[in-house]
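Below: the structure, in structure tokens.
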Amino acid sequence: MRVYLGKFVPLSPGTYLGHMAFVIYFGGCNWRCSYCNVPEYLDKARCDEMLTSDLLTEIIHAREFIDAVVFTGGEPTIQGKALLSLCELVKGEGLSVKLQTNGSMPGVIEELLMRNLVDLVSLDIKALFDNYSSVAGEFSNAENVMESIEVIRKHHASWQAVVPVIKGINELDVPGIVKQAGAPLTVLQAFESDGVDPKFSGLSPSREELIAIAKRCSGKLHIKTKLYGEEAL
Ligand code: SF4
């Protein structure tokens with residue numbers, strides 16, 4: 001089976017808290033957030049193809065140093081068959097699996113959970129649900145994100161919400177976004193402007209600004225910045 005790939009990173013200490021992970025960036029995304037920091041991965045046709053068996057070989061080369069694999073993108077769930085196949089192969093190696101998703105494909109998430117192929121779902125919650133497209137773009141779909149949360153709850157899966165915090169765009173809404181997600185853990189992630197349209201430069205909150213925003217939120221929170229990584233509050 002073939003998979004459209006942005007890239008893979010054999011050793012990442014900061015992508016899956018508490019794990020050393022092999023990270024796979026799937027090619028292609030069904031959304032077009034204007035602030036996307038991986039624009040080069042959005043169009044599948046512009047990404048390389050790789051056999052899932054060859055990707056597994058790369059994972060096995062790193063096996064001695066890793067205990068987990070992270071699937072991210074782009075949006076991994078739009079290549080559902082390849083994602084399911086890779087998760088099966090990775091679980092067969094005894095590795096933990098984290099899925100990072102925009103929540104647009106609840107059916108794929110449900111299939112993964114029904115087959116016990118994911119250990120942690122990391123679900124982006126980008127905006128208030130009644131205002132989703134103004135932040136995540138015209139192709140985004142808040143109903144699907146809400147359905148993904150329902151699916152995760154139905155299957156009692158481990159999950160976290162990730163709120164990308166962008167100054168001047170969604171920062172005032174963050175307490176409401178955290179509340180509506182109702183996740184056991186929410187990670188407030190500083191928007192990274194590297195590789196993004198220059199009009200978004202300067203919109204990345206500092207660690208101190210994230211902490212101040214977190215103080216206005218309820219529930220269990222982490223913050224994540226490029227410099228300091230993920231930190232519990
Ligand atoms: S969902 Fe993620 S990968 Fe897709 S356009 Fe938005 S930020 Fe980029």
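Every number for a ligand or one of its atoms is a count from 1 in the order of the listing.
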Subject >> Numbered atoms of ligand 1 (with element) below 4.0 Å of Cys29, judged on heavy atoms >> reply: 1 (S), 3 (S), 4 (Fe), 5 (S)
**OP:** Taking both backbone and side-chain atoms into account, decide whether Cys36 has an N/O/S atom under 2.8 Å from atom 8 (Fe) of ligand 1.
**Re:** yes
**OP:** List the closest protein heavy-atom neighbour of atom 6 (Fe) of ligand 1: residue, atom name, distance to the nearest 0.1 Å.
**Re:** Cys33 SG, 2.3 Å
Original post:
Would you call Arg115-Glu111 a salt bridge at under 4.0 Å N-O?
Top reply: yes
**OP:** Ignoring hydrogens and angles, tell me if any N or O in the side chain of Tyr16 forms a donor-acceptor pair with the backbone of Val69 under 3.5 Å.
**Re:** no
Original post:
Taking a hydrophobic cluster as the set of Ile, Leu, Val, Met, Phe, Trp and Tyr residues connected by side-chain heavy atoms closer than 4.5 Å, whether directly or through intermediates, do Val108 and Val90 fall within one such cluster?
Top reply: yes
**OP:** Output the list of atoms in ligand 1 that are nearer than 4.0 Å to some heavy atom of Leu42, sorted by atom number.
**Re:** 3 (S), 5 (S), 8 (Fe)
Original post:
Of Lys126, Arg32, Gln100, which has the heavy atom at the shortest distance from atom 7 (S) of ligand 1?
Top reply: Lys126
Original post:
What atoms in ligand 1 come closer than 4.0 Å to a heavy atom of Asn102?
Top reply: 1 (S)
Subject >> Distance-only polar pair, side chains of Glu192 and Ser204, donor-acceptor under 3.5 Å >> reply: no
Original post:
Side chain, backbone, both or neither: which part of Asp124 comes within less than 4.0 Å of ligand 1 when only heavy atoms are counted?
Top reply: neither
**OP:** Apply the test side chain to side chain donor-acceptor pair (under 3.5 Å) to residues Glu138 and Ser133: give CA-CA distance (whole Å), side-chain angles for both, the deciding distance (0.1 Å), then the verdict.
**Re:** CA-CA 5 Å; Glu138 60 179 319; Ser133 59; over 6 Å; no
Original post:
For Gly73, is the nearest heavy atom under 4.0 Å from an atom of ligand 1?
Top reply: no
Subject >> Approximate separation, where rounding is to 0.5 Å, of Ile24 CD1 and Leu86 CG >> reply: 5.5 Å
